[in-house]
Trainee: 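One structure coming up, written as structure tokens, with questions to follow.
Being a predicted model, the structure only gives us computed values, none of them experimental. Just the heavy atoms: all of them, side chains too, but no hydrogens, waters or symmetry mates, feed the values below. In what follows, chains are A, B, ... by sequence order, proteins preceding strands, each numbered from 1.
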Amino acid sequence: MRLSEYFLSTLKEIPKDADTVSHQLMIRAGMIRKLASGIYEFLPFGLRALRKVENIIRDEMDKAGGQELYLPALLPKDLWDKSGRWALYGPELMRVKDRNGREFCLGPTHEEIITDLVKREIRSYRDLPKLLYQFQVKFRDEIRPRFGVMRAREFLMKDAYSFDVSQESAEETYRKVFDCYNRIFKRCGLRFRAVEADTGAIGGSFSHEFMVVADTGEEGIITCGCGYAANVEKAELGRESSEKKAPGQEKPLEEVETPGMKTVSEVGKFLGEPENKFIKSLVYGYGKGELIVVLVRGDYEVNEAKLRKYLGVNEVFLADEKRIEKLTGAPTGFAGPVGIKNADILADYSVEGIVNGISGANKKDYHVRNINIGRDYKAKAVLDLRKPVEGDICVKCAKKLAFSRGIEVGHTFKLGTKYSEALQADFLDRQGDKKPFVMGCYGIGVSRIVAAAIEQGSDEKGIIWPMSIAPFQVTVVPLKYDEPGIKKVSEEIYNDLLKSGYDVIIDDRDERPGVKFNDADLTGIPVRITVGDRSLKEKKVELTLRKGLKTEKVPVDEALSAVKSIIEKQI
RNA sequence: CGGGGUGUGGCGCAGUUGGUCUAGCGCGCCUGCUUUGGGAGCAGGAGGUCGCCGGUUCAAAUCCGGCCACCCCGACCA
């Protein structure tokens, strides 16, 4: 490609509404432009990176036995009714009507569609297992699109679905895809790790997320030396045994006036008690208006994902003032477990060890001291309901957990028979019995990988691409292109590289050297060959690696082989 | 959706106590000359219904009302 003809314009200044490195650089390097909130145009330079990622994924999926197909983006409502997700999905689902008023949605994911397709096509256990995948644009009307292409409302995803005869066989398929994913992200040059994750709205029994390690990541992850790694949403926490109750320590309940003090820290200061003496009581709503009281230790926070999972619902929310007042008889801030009627109480492990704890009195401007579980209130269940904090220990090995951040680029789920049962997708087994498919589903955010790669690879000058997904592998930079000697040598090298099948671009613009160097650095092309009269006098050109910006001189006729060996080594 | 903020040539911004604003600056863009190893210099030039609608006024980018768009902070997700 000739840069003089290429549809690329780079920006010197940082766009004001881009606040992450990858977003800024993708715009500055001319990869993407914004059309509307969360909706982006991919320009040729950006698309090249996207396609490279896509090709790596396709290659590995095929090697893992996958078969590519292509499903529609516009999906009829009835299939979504059958799975129940038309009602469940909420406003994130983009809904549209056709001219006859029939309802459709723009697919946010494709479990229903593929399950229905496989149901119509496959009838026998002999045709199983199957692993099907596609690259498709997905639509999710995100509450808050963010970070450019990282959280967009329309984005490119590779989604795969597996169909197996049994749980065991599905397990094996899951393992296969899991390994495949590891190879994909490795080939994309990413530093990542797989963590245990919450299953969320997709459903199913078990899942892993593939996290690209980055401080700007939206996800919190915990890791342990023993190998345990999980999304903070999912991270299991054990039962604490530190504070054992001793008989006779329990003191009688005592109401104390705490005028206007609502938060744990306010009341704690006022009473001179540490926050871990408090039983934080939160009223949550779920389902059709049911309420539940959730207790955690004062210095901890409720993990709503765990609460949702326990309740078996898709949504929980903190109850509003009115409902709290109705339940507790007091305004928000004074709720407590003692004397609650008409709602169940769930206690996190962290509150069962609290002796003579403090909580709201369910009465305006009052708290209660010396609350003890069992004696003063009964919990319907005591379980793991909180978020991990610094200092927590691993459930598997009791060592201290480490916290880090990550960008979720892939997610694998064991779905079981959730969708096949809902859509009555059955096959006949060897005995002639009808059985629902045992399914798995596996997503990769293709456009997000591109952003994540930049998030992990850049410096103050611009992007530093991994060789495998760089839009171009080499750029040939002639300084003074119109000088015949320089033109001849740079064109020769350019054409040799082209003929050898490399992705190469030549900066044949009439620009000053500084402009060309800065653009080369900004766009992050891994190898740069500079052709200028200085080194040409010695019959040499300069070879610079974008990473580290180290330059060496190589003889003109060795340039091709030098570039070849660099690329082959890195791909 | 709740809270905070911003809308002025392609990009980044100034101007906003109403009147030298006939809207300005830097970058970018076009033409010419000079220049050419890390974002050149000079000269000339193109490009804006000041987000939209309405109001107040002799006079509105500037004041008032409504709407829209976009961004940031929280819950949702590849």
Trainee: Base, sugar-phosphate, or nothing for Ile444(A), non-hydrogen atoms under 4.0 angstrom?
Mentor: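 The answer is nothing, as Ile444(A) stays clear of every strand by at least 4.0 Å.
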Trainee: NA contact type, Glu142(A), heavy-atom cut-off 4.0 Å: base, sugar-phosphate, or nothing?
Mentor: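 Base contact.
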Trainee: Partner of A14(B) by Watson-Crick or G-U wobble geometry, both contacts under 3.5 Å, or none?
Mentor: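 Per the H-bond distance test, none.
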Trainee: Check whether any side-chain nitrogen or oxygen of Ser37(A) sits under 4.0 Å from OP1 or OP2 of C71(B), and answer yes or no.
Mentor: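 Answer yes for this pair, as a side-chain N or O of Ser37(A) is under 4.0 Å from OP1 or OP2.
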Trainee: Measure from CZ on Phe155(A) to C1' on C77(B) and round the result to the nearest Å.
Mentor: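 For the pair Phe155(A) CZ and C77(B) C1', the rounded distance is 7 Å.
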Trainee: Could you tell me how far U22(B) sits from C68(B) if I compare only their P atoms? Round to whole Å.
Mentor: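 One P to the other, the span is 32 Å.
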Trainee: For the residue pair Arg509(A) and Tyr481(A), would you count it as a cation-pi contact if the rule is NZ or CZ under 6.0 angstrom from the ring centre and within 45 degrees of the ring axis?
Mentor: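 No.
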Trainee: From Leu3(A) CG over to Phe45(A) CZ, what is the distance, rounded to the nearest 0.5 angstrom?
Mentor: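 Those atoms lie 9.5 Å apart.
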Trainee: Under 3.5 Å, is there a donor-acceptor pair between the side chain of Lys306(A) and the main chain of Arg386(A)?
Mentor: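 Pair found, side chain donor or acceptor close to backbone of Arg386(A).
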Trainee: What's the gap between G47(B) and C30(B) when it is taken at their C1' atoms, as a whole Å value?
Mentor: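 G47(B) and C30(B) have their C1' atoms separated by 11 Å.
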Trainee: Return the orientation label for the Phe210(A) and Phe192(A) ring planes: parallel under 30°, perpendicular over 60°, tilted otherwise.
Mentor: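 Because their plane-to-plane angle lies in the 30° to 60° range, the rings of Phe210(A) and Phe192(A) count as tilted.
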Trainee: Touch check for Gly410(A), heavy atoms < 4.0 angstrom, all strands: base, sugar-phosphate only, or nothing?
Mentor: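 Sugar-phosphate contact only - Gly410(A) comes under 4.0 Å of backbone atoms but never of a base.
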Trainee: Is there a donor N/O on one and an acceptor N/O on the other, under 3.5 Å, for the side chain of Arg140(A) and the base of C77(B)?
Mentor: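 By the distance-only test, no, there is no pair.
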Trainee: Are the side chains of Val504(A) and Thr475(A) in touch, meaning some heavy atoms are under 4.5 Å apart?
Mentor: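 A side-chain contact is absent here, since even the closest heavy-atom pair is not under 4.5 Å.
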Trainee: So, the side chain of Asp141(A) versus the backbone of Leu93(A): is there a donor-acceptor pair under 3.5 Å, distance only?
Mentor: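 Looks like no, no N/O pair under 3.5 Å.
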Trainee: Mind calculating the distance between CD1 (Ile14(A)) and C1' (C11(B)) to the nearest angstrom?
Mentor: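 Distance check: Ile14(A) CD1 to C11(B) C1' gives 12 Å.
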Trainee: Taking only the side-chain nitrogens and oxygens of Arg146(A), find out if one of them lies under 4.0 Å from OP1 or OP2 of G74(B).
Mentor: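 Indeed, a polar side-chain atom of Arg146(A) lies that close.
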Trainee: Across the strands shown, which category fits Ala160(A) at heavy-atom distances under 4.0 angstrom: base, sugar-phosphate, nothing?
Mentor: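 If one applies the 4.0 Å heavy-atom cut-off, Ala160(A) turns out to touch nothing in the nucleic acid.
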Trainee: Roughly how many Å is it from OH in Tyr89(A) to P in C77(B), rounded to a whole number?
Mentor: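 Distance, rounded to whole Å: 8 Å.
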Trainee: Considering every strand and a 4.0 Å limit on heavy-atom distances, what is the contact class for Lys34(A): base, sugar-phosphate, or nothing?
Mentor: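 Here Lys34(A) touches the backbone only, sparing every base.
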Trainee: Classify the side chain of Arg528(A) and the base of G37(B) as holding, or not holding, a donor-acceptor pair under 3.5 Å.
Mentor: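 Check fails, no donor-acceptor contact within cut-off.
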Trainee: Where do Leu8(A) and Ala29(A) come nearest, in terms of heavy atoms and distance?
Mentor: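 Looking at all heavy atoms of both residues, the shortest contact is CD1-O, 3.2 Å.
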Trainee: Taking atom P in both U20(B) and C63(B), what distance in whole Å separates the two?
Mentor: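 After rounding to an integer number of Å, I get 15 Å for this pair.
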Trainee: As a test of reading the structure: which of A75(B), A40(B), G37(B) is closest to the side chain of Glu304(A), going by heavy atoms?
Mentor: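 The answer is A75(B), which lies nearest to the side chain.
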Trainee: When the C1' atoms of A14(B) and C27(B) are considered, how many whole Å apart are they?
Mentor: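 That atom pair is separated by 15 Å.
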Trainee: Once you apply a heavy-atom cut-off of 4.0 Å, does Met150(A) come out as touching a base, just sugar-phosphate, or nothing?
Mentor: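 The residue Met150(A) makes base contact.
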Trainee: What is the distance, to the nearest angstrom, from the CD1 atom on Ile143(A) to the C1' atom on G74(B)?
Mentor: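 Value for this atom pair: 10 Å.
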Trainee: Could you walk me through whether Ser447(A) and Phe42(A) pass side chain to side chain contact (heavy atoms under 4.5 Å, CB included), step by step?
Mentor: CA-CA 10 Å; Ser447(A) 34; Phe42(A) 268 82; 4.0 Å; yes
Trainee: Between Phe139(A) (CZ) and A78(B) (C1'), how many Å, whole number?
Mentor: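 From Phe139(A) CZ to A78(B) C1': 15 Å.
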Trainee: Find the partner of G44(B): check Watson-Crick (N1-N3 plus N6-O4 or O6-N4) and G-U wobble (N1-O2, O6-N3) distances, both under 3.5 Å, and reply none if neither fits.
Mentor: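 Pair assignment: G44(B) / C30(B).
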Trainee: Let me spell it out: for each of Arg144(A) and Leu536(A), pick the nucleotide of RNA chain B with the closest heavy atom. Which residue's pick is nearer the 5' end?
Mentor: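 The 5'-side residue here is Leu536(A).
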Trainee: In whole angstroms, how far is the C1' atom of G10(B) from the CG atom of Leu43(A)?
Mentor: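 Answer to the nearest Å: 14 Å.
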Trainee: At under 4.0 Å between heavy atoms, what does Gln136(A) touch on the DNA or RNA strands: base, sugar-phosphate, or nothing?
Mentor: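 The residue Gln136(A) makes no contact with any strand.
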Trainee: How far, in whole Å, is U16(B) from A61(B) if one measures between their P atoms?
Mentor: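 These two P atoms come out 14 Å apart once rounded.
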Trainee: When you compare A69(B) with G44(B), how far apart are their C1' atoms, in angstrom units rounded to a whole number?
Mentor: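 Taking atom C1' in both A69(B) and G44(B), they lie 38 Å apart.
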Trainee: At under 4.0 Å, does any side-chain N or O of Arg512(A) touch on OP1 or OP2 of A40(B)?
Mentor: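 True: Arg512(A) side-chain N/O within range (under 4.0 Å) of A40(B) OP1/OP2.
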Trainee: Using the P atom as the reference point in each nucleotide, state the distance between C72(B) and C53(B) in Å, no decimals.
Mentor: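 Roughly 28 Å separates the two P atoms.
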Trainee: Check every strand shown and say whether Lys16(A) touches a base, only sugar-phosphate, or nothing at a heavy-atom separation below 4.0 Å.
Mentor: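 Sugar-phosphate contact only - Lys16(A) comes under 4.0 Å of backbone atoms but never of a base.
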Trainee: Assign Arg153(A) to base, sugar-phosphate, or nothing according to its heavy-atom contacts below 4.0 angstrom with the strands shown.
Mentor: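 No contact at all - Arg153(A) keeps every heavy atom at 4.0 Å or more from the nucleic acid.
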Trainee: Are any of Lys12(A)'s side-chain N or O atoms less than 4.0 Å away from OP1 or OP2 of G28(B)?
Mentor: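 Yes, Lys12(A) has a side-chain N/O under 4.0 Å of OP1/OP2 on G28(B).
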Trainee: Expressed in angstrom and rounded to an integer, what is the separation of Leu549(A) atom CG from G37(B) atom P?
Mentor: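 Going from Leu549(A) (CG) to G37(B) (P), I get 19 Å.
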Trainee: Asn518(A) near the nucleic acid: base, sugar-phosphate alone, or nothing, with a heavy-atom cut-off under 4.0 Å?
Mentor: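 Answer is base: heavy atoms of Asn518(A) come under 4.0 Å of a base.
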Trainee: What is the pairing partner of C50(B), taking Watson-Crick or G-U wobble pairs with both distances under 3.5 Å in any strand?
Mentor: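 Answer to the pairing question: none, since C50(B) forms no Watson-Crick or G-U pair.
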Trainee: Should the side chain of Glu511(A) and the base of G39(B) be counted as holding a donor-acceptor pair, with the cut-off at 3.5 Å?
Mentor: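 There is none.
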Trainee: U6(B) and G48(B): how far apart are their P atoms, nearest whole angstrom?
Mentor: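 Nearest-Å result for U6(B) against G48(B) at atom P: 27 Å.
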Trainee: Would you mind classifying the nucleic acid contact of Val409(A) as base, sugar-phosphate or nothing, using non-hydrogen atoms under 4.0 angstrom?
Mentor: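 Sugar-phosphate contact only - Val409(A) comes under 4.0 Å of backbone atoms but never of a base.
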Trainee: Need one value for Gly514(A): base, sugar-phosphate or nothing, where a base atom within 4.0 Å counts as base even if backbone is also close, heavy atoms only.
Mentor: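 Sugar-phosphate, backbone atoms only, no base.
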Trainee: If we call it a pair only when both distances are under 3.5 Å in a Watson-Crick or G-U wobble match, what pairs with U36(B)?
Mentor: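 U36(B) is unpaired by these criteria.
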Trainee: Would you say Asn55(A) and Val53(A) make side-chain contact, with heavy atoms under 4.5 Å?
Mentor: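 Contact flag for Asn55(A)/Val53(A) side chains = no.
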Trainee: With sugar-phosphate meaning primed atoms plus P, OP1 and OP2, does Ser535(A) contact a base, only sugar-phosphate, or nothing at under 4.0 Å between heavy atoms?
Mentor: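 Base, at least one base heavy atom under 4.0 Å.
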Trainee: Contact class for Asp159(A) (heavy atom, under 4.0 Å): base, sugar-phosphate, or nothing?
Mentor: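 Touches nothing.
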